[in-house]
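The structure appears below as structure tokens.
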Amino acid sequence: MHHKVVVVGGNRIPFAKAGGPYARASNHDMLTAALDGLVARAGLAGERLGEVAGGAVLKHPNDFNLTREAVLSSALAPETPACDLQQACATGLETTMYIANKIALGQLTNGIAAGVDSASDAPISVSDPLRRILLQASRARSAKERLAAFAKVRPAHLAPAAPRVAEPRTGLSMGDHQALTTTRWHIDRASQDELAAASHHRLGEAWGRGFFDDLVTPYLGVTRDAVLRPDTSVEKLGTLKPAFGGPDGTMTAGNSTPLSDGAAAVLLASEEWAAEHHLTPWARIVDAEVAAVDHPGGADLLLAPVGATGRLLARQGLTVDDIDLFEIHEAFASTVLATLKAWQDEDYCRALGLDGPIGTIDRDRLNVTGSSLAAGHPFAATGARIVPTLAKLLHERGPGTRGLISVCAAGGQGVVAILEAV
Amino acid sequence: MSIVEKAYYSPAGRKVAAKAGLAEPPRLRRGREFPHGPIVLAPLGSSNLVADALTLLGRAHEAPVVDAGADAPGYGDRIGALVVDATDVGTVAELEGLRAVLRPAVRGIERSGRIVLIARPSTGRGWEADAVARALDGINRTVAKELRGGATATLIYAHEGVEAGDLVSTLGFVLQGRSAFVDGQSWHIRHGGATVERLADRPLEGRVCVVTGAARGIGAAIARTLARDGATVVAVDIPAAGESLAAVANEIGGTALQLDITAHDAGARIAEHVAARGARIHAMVHNAGITRDKMLVNTDAARWASVLDVNLAAEMRINAVLLDPDVAGGMADDGRIVGVASTSGLAGNKGQTNYAASKAGVAGLVAAMAPDLAERGITANAVAPGFIETEMTARIPFVQREIFRRVNSLNQGGQPIDVAETIGYLVDPASQGVTGQVVRVCGQNMVGA
């Protein structure tokens with residue numbers, strides 16, 4: 001990379017469970033709010049930024065230019081260009097890398113990476129047969145032709161098609177897939193509940209000490225992540241019934257992320273631009289790697305980041321011991337636990353083409369301010385939540401400290417990135 | 001809106017109210033607008049001080065009509081303002097000069113006109129002179145009560161050594177619509193040392209001003225007004241108010257700092273935010289405040305402590321950090337500290353012992369700080385709002401609210417902008433000679449004199 005890329009700030013709205021306080025907010029509304037909070041914090045009102053990259057996983061057809069439209073609604077200069085990207089749950093991290101790479105190459109001096117998702121306001125479309133009939137009717141040249149088209153409508157066509165969180169190639173939901181992984185890696189219920197409880201406690205503690213004062217801006221009267229239950233416990237979580245994996249399953253609503261609404265944004269800049277704008281660089285973007293696994297062929301759907309982690313560390317000449325903080329996206333508690341086990345598994349790592357196991361890490365270096373189980377997981381927003389959170393944590397720990405982000409995504413994909421405090 | 005309130009504001013209700021003496025209150029002149037009619041200058045002696053100040057302000061002035069006989073003469077057209085240079089007045093006999101110029105002026109002044117008296121304070125110039133200085137205060141307060149149509153009266157005590165330049169920002173503020181809701185007040189000016197040759201439209205250009213409680217109401221108005229006057233505003237409010245705070249910051253091109261001012265590191269975080277932007281603070285406006293109203297018999301320790309901590313102690317802790325010259329991002333020399341007191345604090349108010357303590361404390365604090373900060377050119381002043389139309393006062397029951405609105409000389413509640421404009425005047429670099437003062441923005445409220 002030619003230019004050093006630094007994270008100089010971030011903002012998100014508090015995340016909330018789908019159907020909750022943001023039930024009537026659109027992706028456009030939430031993304032605009034996240035951008036406006038960031039603009040206010042950094043004092044960028046009326047500025048023309050280099051580019052804003054954002055995206056949503058669940059997207060209405062009318063939102064074809066979601067991010068650009070949000071920019072136009074925001075306090076940024078209307079001359080700020082934008083584009084939409086999407087890589088499932090890794091979208092927020094991929095938009096970060098898109099902007100970071102452009103800055104590194106000198107194509108931009110600054111930009112915002114963002115992500116947003118509303119599981120409440122998910123698009124509902126008509127069935128394929130009805131869609132074909134409607135299109136035929138709209139092409140009809142006479143009332144007779146139009147009637148002929150509508151005459152083909154059958155009651156079964158009228159059922160709306162909601163988006164499914166299922167893998168098109170396997171027909172399994174993400175939870176079903178993860179249940180297979182949970183069994184395969186022998187992840188027990190207690191360790192999942194412990195991880196979930198720790199996530200809530202750590203996130204609650206971070207809120208309590210004001211850590212999010214400069215990372216979150218309230219929205220629609222919600223002032224704190226609405227999913228967060230700081231008083232939850234392993235005992236309370238232990239009473240929940242299995243949600244995935246059948247009656248003997250170990251995955252519950254408590255150790256799986258809920259469908260969520262929210263938006264997040266990261267301000268990225270070259271060191272020079274940050275200095276000119278009197279913004280304090282928190283951490284630089286060191287490198288990133290994207291990977292995929294053959295989940296139709298039986299691979300663990302959400303373990304693609306393992307290969308990416310191994311290759312990225314090797315490319316940077318680093319080991320897990322050189323990393324001070326880890327952020328592993330908690331799609332499910334068992335995803336994190338399986339990832340940690342995979343990192344230690346020599347055979348698994350060698351099968352991925354790595355030289356050996358990635359290593360073992362101390363839990364007190366992992367998700368130190370909680371993660372998606374406690375915060376919630378609006379798909380595309382999660383990466384843009386983690387990047388500024390980690391950057392600030394590293395900045396607090398001092399120059400040279402490193403952090404690694406691992407985000408799994410639908411389609412058997414994953415993105416991993418390394419940040420270093422400056 | 002209650003049924004009573006709806007009925008009151010209906011066309012029929014208005015007519016009834018007008019018959020009952022509750023006439024439509026006058027519309028006040030606001031903003032950087034001077035009086036429309038001529039400014040009349042009445043020097044009661046040989047002093048050129050006020051004449052020179054008006055020249056610096058770029059305002060022409062006319063000679064006064066003087067009442068010499070029993071049949072008072074009048075002005076032909078209405079006048080915009082009467083400015084009396086009474087700095088040479090030192091005897092009881094000389095007070096007749098005031099009567100003689102005030103009588104025609106009070107009769108002939110336009111709506112939202114201004115009567116401004118400039119006099120010497122009681123500072124040991126002899127028994128009679130000091131008595132006369134105080135007599136002027138009585139005259140000012142009474143004239144303010146007798147004026148109609150939104151016209152106001154103000155008394156400025158100019159200490160020995162005050163030059164025309166020291167008066168520019170004050171005279172400009174008082175004459176312009178910015179002082180709309182400041183009535184019957186007096187405050188002091190000393191020689192400030194700054195060279196002032198004109199009234200600036202954007203006096204805060206390139207300066208950083210921090211405003212706490214900026215997310216809504218009076219605080220948002222302060223932030224907007226200081227930004228209008230050129231300042232780069234750091235808008236501070238509690239994290240929970242972040243959404244409206246961000247909107248205010250973006251609207252005025254400032255920055256939003258989500259911060260609980262009672263946090264132990266609040267001062268340090270403000271300084272850090274300013275230092276990161278390579279600046280120091282020109283003005284620190286302590287506007288954030290809370291109420292926890294209860295009659296004293298029901299006031300427990302928690303209600304007592306929270307109000308005093310937010311409204312007074314937090315302000316003192318933040319000042320202590322920002323006034324340390326070694327703190328990057330702290331107060332600049334020639335900076336400005338402004339506290340927000342309240343007429344409740346000055347007069348006392350049932351059910352607000354804690355609040356009154358904190359707000360009177362703010363008034364005491366700026367008076368105490370002023371002499372100690374003079375060496376660095378930093379001024380410390382306070383404004384004391386009376387009844388101001390905000391979301392907070394809109395929650396007062398209608399009848400009570402209407403009474404609060406009416407019990408002042410301007411027959412109405414003030415607007416947040418009126419408080420903001422007064423603060424804008426106090427933080428103006430040209431207001432170097434104004435320190436340790438409490439300016440009430442209350443329309444001469446009947447309480448809290």
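The sequence lines fix the lettering, A, B, ..., with proteins before strands; numbering per chain opens at 1.
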Taking all non-hydrogen atoms of both residues into account, name the closest pair between Gly242(B) and Pro218(A) and its distance. CA-CD, 3.5 Å

Under 4.5 Å from any heavy atom of chain B - which part of Val216(A): backbone

By a 4.5 Å heavy-atom criterion (distance strictly below it), what part of Ala33(A) contacts chain B: side chain, backbone, both, or neither? neither

I'd like to verify something: which residue of Ala247(B), Ala276(B), Ala249(B) has the highest number of heavy-atom pairs under 4.5 Å with chain A? Ala276(B)

Which of the residues Glu251(B), Gln258(B), His273(B) is involved in the greatest number of heavy-atom pairs with chain A at under 4.5 angstrom? Gln258(B)

Only pairs of heavy atoms separated by less than 4.5 Å count here; which of Thr217(A), Thr223(A), Val222(A) has the most with chain B? Thr217(A)

Yes or no on salt bridge (charged side-chain N to carboxylate O under 4.0 Å, His left out) for Arg269(B) and Asp214(A), after CA distance, side-chain angles and deciding distance? CA-CA 11 Å; Arg269(B) 281 163 69 184; Asp214(A) 57 357; over 6 Å; no

Nearest 0.5 angstrom please: Thr255(B) OG1 to His278(A) NE2, how far? 11.5 Å

Just checking Arg24(A): does its CZ atom have more than 12 heavy atoms from other residues, nucleotides or ligands closer to it than 6.0 angstrom? no

Has Arg202(B) got more than 12 heavy atoms of other residues, nucleotides or ligands less than 6.0 Å from its CZ? yes

Derivation of the side-chain contact (heavy atoms from CB on, under 4.5 Å) call for Arg41(A) and Leu257(B): CA-CA 6 Å; Arg41(A) 187 161 298 138; Leu257(B) 176 60; over 6 Å; no

I'd like to know if the side chain of Asn250(B) reaches the main chain of Ala40(A), judged simply by a donor and an acceptor atom lying under 3.5 Å from each other, with no hydrogens or angles considered. yes

Kindly say whether Ile13(A) contributes a backbone atom to a donor-acceptor pair with the side chain of Glu243(B) at under 3.5 angstrom? no

